[in-house]
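Inspection log for the structure reproduced underneath, given as structure tokens.
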2 protein chains.
Amino acid sequence: MDLSIGELARRTGVKVPTIRYYEQIGLLPAPPRTEGQQRRYGKAAVARLSFIRHSRELGFEVEAIRTLVSLQDDPDQSCATADQIAKTHLVEVEKRIASLTALRSELQRMVEECACGRVAECRVIETLADSGHRHGRLHDF
Amino acid sequence: MDLSIGELARRTGVKVPTIRYYEQIGLLPAPPRTEGQQRRYGKAAVARLSFIRHSRELGFEVEAIRTLVSLQDDPDQSCATADQIAKTHLVEVEKRIASLTALRSELQRMVEECACGRVAECRVIETLADSGHRHGRLHDF
DNA sequence: CGTAATCTCTATAGTGACTAGAGCTTCAAG
DNA sequence: CTTGAAGCTCTAGTCACTATAGAGATTACG
């Protein structure tokens with residue numbers, strides 16, 4: 001096992017520049033290099049990068065992952081922290097689902113009611129122009 | 001009706017710097033100014049900014065909104081374009097919901113199975129470390 | 001009318017999590 | 001030994017804002 005960055009990328013599904021970026025921000029440890037300064041990775045790197053990737057797929061932020069990987073490195077510790085991170089994230093995800101579901105209904109209504117005539121009668125434009133909506137945060141998806 | 005930027009912000013729920021940003025990127029027209037160079041807005045600005053805000057809430061990207069506002073300004077045009085934008089977005093939203101729902105199940109399973117002992121037996125960490133997963137795109141939330 | 005509090009101005013830089021490009025060097029195959 | 005893919009560093013760009021600094025304008029109150 002002595003993988004180039006490209007090989008590691010292929011095995012983990014993480015792009016090459018992203019791997020270098022993770023190293024830069026200290027999420028992935030700097031690996032040994034060849035004489036010509038090319039990175040060479042071992043099994044541990046594949047495991048850690050897979051962990052990071054899966055965590056990102058699940059929507060965990062890099063800061064949360066930083067905590068999770070440090071927990072993983074210290075297996076005698078209590079996992080209450082990991083549990084808490086996962087629970088918090090679960091709440092976030094549930095909020096997003098609720099928000100997107102509301103959005104879907106609104107879009108469906110917009111599209112169904114659009115008879116595709118002139119804009120003057122268009123329900124899509126009309127719905128968007130309608131300002132009678134709660135003022136929540138904009139980024140709640 | 002001669003609103004300061006702060007007043008406009010309060011009425012539409014869009015933050016002051018965001019309003020200036022929208023003007024900068026040409027989403028909101030530059031309003032007239034007082035002698036001291038302060039922006040003053042009328043009814044039309046309130047309407048347009050509400051439109052923009054609601055569109056953003058619904059997850060439309062700024063580029064899509066640019067098209068939508070130009071459609072709104074030109075009410076004799078066909079609304080097929082607006083309809084198309086909404087439909088495309090609906091498909092996107094449905095994908096996100098599906099993705100998040102799958103994610104929720106995984107998180108729920110993780111959290112439920114965590115006995116909160118040591119990290120060595122933690123299901124949260126274990127699930128994340130499990131690399132036996134499909135390689136989809138990372139940004140599909 | 002004076003002054004203090006608040007608001008607004010511009011400009012620049014920072015956020016998160018990458019992504020893209022330039023211009024070079026190294027490595028593995030033939 | 002040559003070729004060309006893959007690697008290297010570094011900088012800048014993405015999206016949609018958000019934050020900060022330091023100045024000037026406006027408003028409310030006494």
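Everything numeric in this text was worked out from a predicted model, so none of it was measured. Proteins get letters first, then strands, A, B, ... in listed order; numbering begins at 1 in each.
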What integer distance in Å separates [X]:[atom1] from [N]:[atom2]?
| X | N | atom1 | atom2 | value |
| --- | --- | --- | --- | --- |
| A:Arg10 | D:dA6 | CZ | C1' | 10 Å |
| B:Gln24 | C:dT8 | CD | P | 18 Å |
| B:Ile52 | D:dA16 | CD1 | C1' | 13 Å |
| A:Tyr41 | D:dC8 | OH | P | 7 Å |
| A:Glu23 | C:dC18 | CD | C1' | 16 Å |
| B:Leu3 | D:dT27 | CG | P | 12 Å |
| B:Tyr21 | D:dC15 | OH | C1' | 6 Å |
| A:Leu8 | D:dA6 | CG | C1' | 14 Å |

It should be established whether [X] places a side-chain nitrogen or oxygen under 4.0 Å from OP1 or OP2 of nucleotide [N].
| X | N | result |
| --- | --- | --- |
| B:Arg40 | C:dT8 | no |
| B:Arg33 | D:dA25 | no |
| A:Ser4 | D:dG7 | yes |
| A:Tyr22 | C:dC18 | yes |
| B:Lys15 | D:dC17 | no |
| B:Thr34 | D:dA25 | no |
| B:Arg39 | C:dC9 | yes |
| A:Thr18 | C:dA17 | no |
| A:Arg53 | C:dC18 | no |
| A:Arg20 | D:dC8 | yes |

Among the nucleotides D:dA16, C:dC18, D:dG7, which one has an atom lying closest to any side-chain atom of A:Val62?
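That would be C:dC18.
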Check every atom of D:dC17, C:dT26, C:dT19 against the side chain of A:Pro17 and return the nucleotide holding the closest atom.
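Looking only at heavy atoms from C-beta outward on A:Pro17, the closest nucleotide is C:dT19.
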The residue, A:Phe60 or B:Ile5, whose nearest nucleotide of DNA chain C is more 5′ is B:Ile5
Please report the closest heavy-atom contact between A:Val16 and A:Gly6, naming both atoms and the distance.
CG2-CA, 4.0 Å
Heavy-atom closest pair, residues B:Gly13 and B:Arg53:
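Closest pair (atom of B:Gly13, atom of B:Arg53, distance): O-NH1, 2.8 Å.
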Both B:Glu61 and B:Gly36 contact DNA chain D. Taking the nearest nucleotide for each, which residue is further toward the 5' end?
B:Glu61
5' precedence on DNA chain D between B:Glu35 and A:Gln37 (nearest-nucleotide basis)
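On the 5' side of the pair lies A:Gln37.
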Within the distance-only criterion (no hydrogens, no angle test), does the side chain of [X] pair as donor or acceptor with the backbone N or O of [Y] below 3.5 angstrom?
| X | Y | result |
| --- | --- | --- |
| A:His54 | B:Ala129 | no |
| B:Ser99 | B:Lys95 | no |
| B:Thr18 | B:Val14 | no |
| B:Arg56 | B:Phe60 | yes |

